[in-house]
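See structure below.
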Amino acid sequence: CAVRETREEYGIEVQPVRLLKVIDHILPEEKQHWVNPILEAKLVSGTPKLMEPNKISRFAWFSLQSMPQNLTRNLVEFFEGVKSGEVKID
């Protein structure tokens, strides 16, 4: 799923390396429960580009100290884990 999604959304081929975190995204008011696995992946081929401009307007690189304010709840939780040391990234 992660390999296919990355190809469809960014036009690159990746190889999953390891699971970094699983986030439960529970929306009781909508009666939904999403499970969001966050994976580390290795670039196999390609250069990232926007393949679905109707869904994503742009992408960019940020340091942990200068993250944008409009992150999804899942990304906020993930990066809080990175900052606290709960999630180890290389």
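Just so it is clear, the structure is predicted and the values come from calculations on it, not from any experiment.
For Arg18, the side-chain contact (heavy atoms from CB on, under 4.5 Å) test picks out Leu20, Glu40, Asp90, with sequence neighbours left out.
Linking ILVMFWY residues whenever their side-chain heavy atoms come closer than 4.5 Å, directly or via other members, leaves Ile23 and Leu39 in distinct clusters. Connection of Val44 to Val17 is not established within any shared hydrophobic cluster, with ILVMFWY side chains joined at heavy-atom distances below 4.5 Å, either directly or through further cluster members. Under a hydrophobic-cluster definition in which Ile, Leu, Val, Met, Phe, Trp and Tyr are linked whenever side-chain heavy atoms come within less than 4.5 Å, directly or via other members, Leu19 and Val14 are assigned to different clusters.
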Name the atoms and distances for all side-chain donor-acceptor pairs under 3.5 Å in residues 26-35, with sequence neighbours left out.
| unit_1 | atom_1 | unit_2 | atom_2 | d |
| --- | --- | --- | --- | --- |
| Gln32 | OE1 | Trp34 | NE1 | 2.6 |
| His33 | NE2 | Asp24 | OD1 | 2.8 |

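Within the 3.5 Å criterion, the main-chain N or O of Phe62 finds no donor-acceptor partner in the side chain of Ser66.
Residues Glu13 and Val3 meet the side-chain proximity criterion, which asks for heavy atoms closer than 4.5 Å. The shortest side-chain heavy-atom distance between Glu5 and Glu8 falls under the 4.5 Å cut-off. For the pair Val22 and Asn36, the minimum side-chain heavy-atom distance is 4.5 Å or more. Side-chain contact check for Asn74 versus Val76: every heavy-atom pair is 4.5 Å or farther apart. Contact of the Leu64 side chain with the Lys83 side chain is registered, since non-hydrogen atoms from C-beta on lie closer than 4.5 Å. Contact annotation: the side chain of Ile12 approaches that of Leu43 to within less than 4.5 Å [non-hydrogen atoms, C-beta and beyond]. Two residues are said to be in side-chain contact when any heavy atoms from C-beta on lie closer than 4.5 Å; Met51 and Glu9 fail this criterion.
Between Arg73 and Glu77, no side-chain nitrogen of the basic residue sits less than 4.0 Å from a carboxylate oxygen of the acidic one, so the salt-bridge criterion is not met.
Scanning both residues, Tyr10 and Leu50, for their nearest heavy atoms gives CE2-CD2, 4.4 Å. Closest non-hydrogen pair, Val87 versus Lys21, comes out as CG2-CD, 3.7 Å. Residues Leu71 and Met67 approach most closely at CD1-CE, 3.9 Å, considering heavy atoms.
Applying the salt bridge (Lys or Arg N to Asp or Glu O under 4.0 Å) rule to pairs touching residues 43-54 yields Glu52-Lys55, sequence neighbours excluded.
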